[in-house]
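Notes follow the structure.
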Amino acid sequence: MSLDIILSILEENWPSYLRGAYMTLLIAIISTIIGALIGLFIGVMHTIPLRKKSIKSVILKLVNVILTVYVEIFRGTPMIVQAMVVFYGLAAYGFEMDRFVAAIVVVGLNTGAYMAEYVRGGIVSIDKGQYEAAEAIGMGHFQTMIHVILPQVFRNILPATGNQLIMNIKDSAVLSVISVTELFFTTKSIAGANFRFAESYIITCIIYLIMTVVASQILRYIEKKMDGQNAYQVEQIRKK
Amino acid sequence: MEKVIEIKHLNKSFGQHEVLRDVNFTVNKGEVVCLIGSSGSGKSTLLRCINLLETPSGGEIIYNGENILDEKHNIKEYRTHLGMVFQQFNLFDNHNVLSNCMVGQQKVLKRSKDEAKVNALKYLSVVGMDQYVNAKPRQLSGGQKQRVAIARALAMDPDVMLFDEPTSALDPEMVGEVLKVMRQLADEGNTMLIVTHEMEFAREVSDRVVFMDKGVIVEEGPPEQVLVNPVNERTKEFLKRTLK
């Protein structure tokens, strides 16, 4: 194993590596966004206060049961198995899904299941006084959520979302079982052709590392941006 | 005198525990009423029942001739007529000072942005916080937060201001600045219902003092009567301990 070989593999295969990395990033980013939206939806549904017995509250309870079942299934089974079931399972019923779409569906649903708990926790952890102040001003539950609670929840769940993105960059490698041409699958083909397994995978390793480190730095920057400045501007008041 | 809020036979219990028992009283327009009593006497619960942060177990709350505890009554609309100031300030942490005072006006009262801003600035200057419009709540001291919270409530142009122990969470130094603002509001003729432990303030500012004990109103009347020459034994005992 030497640097020369690594460089020569890179020289020959860099477009493939790049395409693989691009696929991996695309899958990770899109499915994290989808997952965050699913998680947000479930988190909000789970925290709607139920007042009186009405048809509305019965429907809401039913929806919440279904959502809980979804969360348990996707948290309780390996993603690699989910990928097989979604892709080949649906294909068996004549529903041929594009591999890339299947990849996003699997990773997105998986992320959603985890994010649901983060969001619920984020909503529950907001001080009761925030709800009371909004209520006392005359806001309804959804107004309170949109203007007061969720903006604070977004900030609180940002670190968890970033974590999920990094997990997705790495874990999307399991999608190679359904032949999605992400980075790991690409490397498999490259190594299969040149029989230089160690060197080929070292390159992959470094690419994964670069992607995750850059992603976590960007997220930290966003967190800082969201916290705003520590100082504030004092307004000069012109006295009449 | 014009009645703003009238409470009839109000009851509230948490499980087996009765916190309020057959409470009857009225707040008239332009009046400053202080609710006093020891901790656990039900005065905060009474205040929170009035704007329905707690749901009363029974009785009536009459506003504008209508019982707001009726099933069909629009609670959200009713609440816009009451300004609430909390012990823990409860400013919206994601909004700066100015937008804390604007968000309710814009989203609930559907005022335009400009209108809301003018009104917010007007009340922020009343409480002396107009210099700090850009500050976030976490950057302010307790007294400053409470003054912003008062401006936020005033900006909704309510008929009554409710204060739930507004100075209890403050350093002694900051109590003064908040009481000063409240005194000014009282002088300007605002209708105010105040739960407080500040006896001196209650004596100077209020038109009427209501003393509560164990969930019932024991005594009420002008401050000179209730605080200086109380009739009830329980009131005397309470004042002896607090007015040392």
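The sequence lines fix the lettering, A, B, ..., with proteins before strands; numbering per chain opens at 1. Values reported hereafter were calculated over all heavy atoms of this structure, with side chains retained and with hydrogens, waters and symmetry mates removed.
Under the 3.5 Å distance criterion, the side-chain polar atoms of Q143(A) are matched with a main-chain donor or acceptor of K107(B). With hydrogens and angles disregarded, a donor-acceptor distance shorter than 3.5 Å links the side chain of H95(B) to the backbone of H147(A). Checking side-chain atoms of N94(B) against main-chain N and O of V153(A) turns up no donor-acceptor pair under 3.5 Å. Put simply, the side chain of Q130(A) gets close to the backbone of L91(B): a donor and an acceptor are under 3.5 Å apart.
Listed by chain and number, the residues in a salt bridge (charged side-chain N to carboxylate O under 4.0 Å, His left out) with E132(A) are K128(A), R48(B) (sequence neighbours excluded).
Annotation for A136(A) and M84(B): closest pair CB-CB, 3.8 Å, computed over non-hydrogen atoms.
In this structure, R79(B) and E135(A) have side chains that are in contact, with non-hydrogen atoms separated by less than 4.5 Å. D127(A) has its side chain out of reach of Q88(B): every pair of non-hydrogen atoms, C-beta onward, lies at least 4.5 Å apart. With a 4.5 Å cut-off on side-chain heavy atoms, I137(A) and V108(B) count as touching.
Each of Q105(B), R152(B), H81(B) has some count of heavy-atom pairs under 4.5 Å with chain A, and the biggest count is that of R152(B). With respect to chain A, the highest number of heavy-atom pairs below 4.5 Å among D93(B), T80(B), N134(B) belongs to D93(B).
Taking a 6.0 Å sphere around NZ of K136(B), one finds it holds more than 12 heavy atoms contributed by other residues, nucleotides or ligands. With a 6.0 Å radius and a threshold of 12 heavy atoms from other residues, nucleotides or ligands, F14(B) has its CZ atom above the threshold. Heavy atoms of other residues, nucleotides or ligands lying less than 6.0 angstrom from CD of E173(B) number 12 at most. Counting non-hydrogen atoms of other residues, nucleotides and ligands closer than 6.0 Å to CE of M167(A) gives a total of 12 or fewer.
Only the side chain of F86(B) comes within less than 4.5 Å of a heavy atom of chain A; its backbone N, CA, C and O stay farther away.
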